[in-house]
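Everything below concerns the one structure shown next.
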Amino acid sequence: MAELSTKIKLYVNSDIDFKSDVLLQNDGQGAYIKEWNLETAQPTQEQLDALETQADEYEQNLITSKENNIASAKTKLEALGLTIDEIKEVFKI
């Protein structure tokens, strides 16, 4: 299930400052929009639900991109002559 913040980013089609533009809150029952400070109309739950699949794909692409970046960085560090232990220390793994 996609994060509410991801669905909001896709709905607005822009970067959001979640400290001033849109405030989210979670009181233990799941995240919700506490405050909406954008000119764009606040989305309904139905509109956010309709973005679920797109938001899931967006989040998965972010994870894949991060994994690819780490793999690329590891390859570059190996090319510089770093050992596996030194690389693990760099990535804190």
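Because only heavy atoms are used, hydrogens play no part in the values below, and waters and symmetry mates are left out as well, while side chains stay in.
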Any pair with a residue in residues 18-33 that passes salt bridge (charged side-chain N to carboxylate O under 4.0 Å, His left out), sequence neighbours left out, goes on the list, sorted by first then second residue, please. none
Any side-chain heavy atom of [X] within less than 4.5 Å of one from [Y]?
X   : Y   : result
P43 : V12 : no
Y11 : L51 : yes
I33 : L23 : no

How far apart are the closest heavy atoms of A55 and K7, and which atoms are they? CB-CG, 3.9 Å
Has the side chain of E59 got a donor or acceptor atom that lies under 3.5 Å from a matching backbone atom of T6? no
How would you list, by chain and number, every residue that makes a side chain to side chain donor-acceptor pair (under 3.5 Å) with [X], sequence neighbours excluded?
X   : answer
E86 : T83
Q42 : none
N13 : none
S20 : D17

Which value, rounded to the nearest 0.5 Å, describes the distance between Q25 atom CD and E35 atom CD? 10.5 Å
Just to verify, what does [X] make a side chain to side chain contact (heavy atoms under 4.5 Å, CB included) with, not counting sequence neighbours?
X   : answer
S5  : E3, F18, L24
Q45 : L48, D49
D15 : none

According to a 4.5 Å side-chain heavy-atom criterion applied to Ile, Leu, Val, Met, Phe, Trp and Tyr, with indirect links allowed, do W36 and Y32 form part of one hydrophobic cluster? no
Salt bridge (charged side-chain N to carboxylate O under 4.0 Å, His left out) partners of K9, counting only residues at least two apart: none
